[in-house]
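First the structure, then my questions, so here it is.
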There are 2 protein chains.
Amino acid sequence: MLQMDPMRPLDPALPITPQLTQRLRDRIIRNHLKPGDRISETEIAKVYDVSRQPVREAFIKLADQGLLLIRPQRRTVVSRIAYQDVLDARFLREAIEADIVRLLAKTRDDALIGTLRAQIELQKRVHADDLETFTQLDEQFHRMLADAVGKAGTWSFVEGVKAQMDRVRFLSLFDYPMALLIEQHTQIVDAVEARDLDRAEENARQHLRLMLDYLPGVIAANPSFFDLPEGGLAPSVNTPTLGGEYT
Amino acid sequence: MLQMDPMRPLDPALPITPQLTQRLRDRIIRNHLKPGDRISETEIAKVYDVSRQPVREAFIKLADQGLLLIRPQRRTVVSRIAYQDVLDARFLREAIEADIVRLLAKTRDDALIGTLRAQIELQKRVHADDLETFTQLDEQFHRMLADAVGKAGTWSFVEGVKAQMDRVRFLSLFDYPMALLIEQHTQIVDAVEARDLDRAEENARQHLRLMLDYLPGVIAANPSFFDLPEGGLAPSVNTPTLGGEYT
DNA sequence: ACTGCCATACTTCCATACAAGTTTGCAATA
DNA sequence: TATTGCAAACTTGTATGGAAGTATGGCAGT
């Protein structure tokens, strides 16, 4: 497993800012830095033994992704997980991946099907408690779908939005429906192979809607990590989806 | 009309970086700064009479949006309009707005319909050569759709992606199909009012596919502004859509 | 005329210093 | 004890200086 020790020195030969951004992003998404934690440019600069400037630039990037909240002249804190942001990110992913999968089914490529099935086999081999590895494989699977229809550039935008969803993912360490997710991956590939556009799309949408089922439980278990709308959870009002169940 | 003179001094009471970012972004999107133009931190800093630091931060933001290409230790140039980026941005918008409009038709709100129709009336009153005003109204129209389904946050994501599309828009100053766009807006609202989910979605998709018809002409008229794939335009290969015409 | 080398100028990246505003805590006062 | 005022210690925003690398143009040599 990759070392994630925050104190491991950076590689001075490589550009500092991207390294810092990645490290801090990981620490936030994995909840090592918890929502509400204060974080200051000078502090981080000291820890990694660099100047404030690259730290600042990393902060700005993370603030753009909604992971930090910079209040000028006041402080910078790790932002809580905005409920609405999670829903928005999920909505975007569903919309985008629905079309990607539909395209994929339309332009089916047999070699690709094989690659995808092999990748799913890797997912099955992951131990039930190794969320880390599974997350990487899951991410890879979805990126492969985008790549396959020539929309690799599209996926990089999705990644920028995914941050809030990933934080939720790392909070649901237990009762993670790994087997179900793998089964859904298989069903998506099945539908693509069958060139069934509608079924492929519907399977992808259901797959991406699954987190909505688990979100309330994760929030209930970690209420202080979330930034909820007034009056607590009322998903039926604020988060209509196209599925019907959540309208 | 808003003053866009690049030399107008910034407001020193407000944060410099966002002001700079906005100004530069406008100048690039409106092609005052043309693809390939060199641009340097010190130069811009002198023009606006600020230090290099906020300029640098603005550069980074614009590079993230694909408007600038920063080559460390070499130079920074206004990036050409990447053909693939335009297609990707359009694809994302179609996927997202298709779902937004579908949701809208599902949760129809009579008051909203009236607001939208009134907004379309404003579009009709714009003079044929006033692309500036029409662009603002068109943008507002689409944002209203997102707002109406509680997906305002989603729209800010779209805005980040839209930059490359907007550059194309400002290149197609003439033969701009304003009347057709307005007609399509009307058809979208009609379908929403009729609660016809499928037709609303299809109308939105067609609306957002329209630029594909004009893109080749714009490119042919401004070839040096674009960054084309090897061997020139082959949209039928590289840009499958769900519509069928471009598959 | 043409080629290869080298000094110079220019670029971004990082470090450091300063400015402006906010928070914090203590002390003075009622 | 409670409250008010102020000063010091923070915060981020901006300015400036130096370092490392690259483009550029002139000059020497052929």
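Throughout, protein chains are lettered first and strands after them, A, B, ... in sequence-line order, and every chain is numbered starting at 1. These numbers come from a predicted model, not from an experiment.
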**Message:** Less than 4.5 Å apart, side chain to side chain, heavy atoms only: is that true for B:Leu210 and B:Pro177?
**Reply:**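 Yes; the side chains approach each other to less than 4.5 Å.
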**Message:** Does B:Ile39 reach a base, just sugar-phosphate, or nothing at all? Heavy atoms under 4.0 Å.
**Reply:**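 Contact class for B:Ile39: sugar-phosphate only.
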**Prompt:** Heavy atom of residues 60-81 of chain B under 4.0 Å from DNA chain D: which residues?
**Reply:**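 Hits under 4.0 Å, by residue number: B:Gln73, B:Arg74, B:Arg75.
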**Prompt:** Can you name the nearest heavy-atom pair linking B:Leu145 to B:Ile100, along with the distance?
**Reply:**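 Shortest heavy-atom separation between B:Leu145 and B:Ile100 comes out as O-CG2, 3.7 Å.
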**Geometric cation-pi criterion A:Lys34 and A:Phe225, 6.0 Å radius, 45° cone** =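 Geometry flag: not set, cation outside 6.0 Å or 45°.
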**Prompt:** Mind checking what makes side-chain contact (heavy atoms from CB on, under 4.5 Å) contact with A:Asp49, not counting sequence neighbours?
**Reply:**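 Listed in chain order: nothing, the list is empty.
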**Prompt:** Which word best sums up how the rings of A:His185 and A:His142 line up, parallel for under 30°, tilted for 30 to 60°, or perpendicular for over 60°?
**Reply:**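 Perpendicular: the ring planes of A:His185 and A:His142 meet at over 60°.
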**Request:** Check every nucleotide of DNA chain C for an atom under 4.0 Å from a heavy-atom of chain B, then give the first and the last such nucleotide from 5' to 3'.
**Result:**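 First and last nucleotides in contact are C:dT11 to C:dA15.
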**Request:** Locate the shortest heavy-atom distance separating A:Asp85 from A:Gln164; write the atom from each residue and the value.
**Result:**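 Heavy-atom minimum between the residues: CB-CG, 4.0 Å.
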**Message:** I'd like to know if the side chain of B:Glu43 reaches the main chain of B:Ser40, judged simply by a donor and an acceptor atom lying under 3.5 Å from each other, with no hydrogens or angles considered.
**Reply:**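 Such a contact is found between B:Glu43 side chain and B:Ser40 backbone.
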**Pairs satisfying side-chain hydrogen bond (donor to acceptor under 3.5 Å, both in side chains), at least one member in residues 67-78 of chain A, at least two apart** =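 As it turns out, there is no side-chain hydrogen bond (donor to acceptor under 3.5 Å, both in side chains) pair with a partner in residues 67-78 of chain A once direct neighbours are skipped.
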**Request:** Decide whether A:Asp138 and A:Thr135 meet the rule of one side-chain donor and one side-chain acceptor closer than 3.5 Å.
**Result:** no
**Fill in**
By nearest-heavy-atom nucleotide on DNA chain D, the more 5' of B:Ser51 and B:Arg38 is B:Ser51
**Message:** The criterion is salt bridge (Lys or Arg N to Asp or Glu O under 4.0 Å); which residues satisfy it with A:Lys162, sequence neighbours excluded?
**Reply:** A:Glu139, A:Asp166
**Asked** On DNA chain D, which is the earliest and which the latest nucleotide, 5' to 3', with an atom closer than 4.0 Å to a heavy atom of chain B?
**Response** D:dT14 to D:dT24
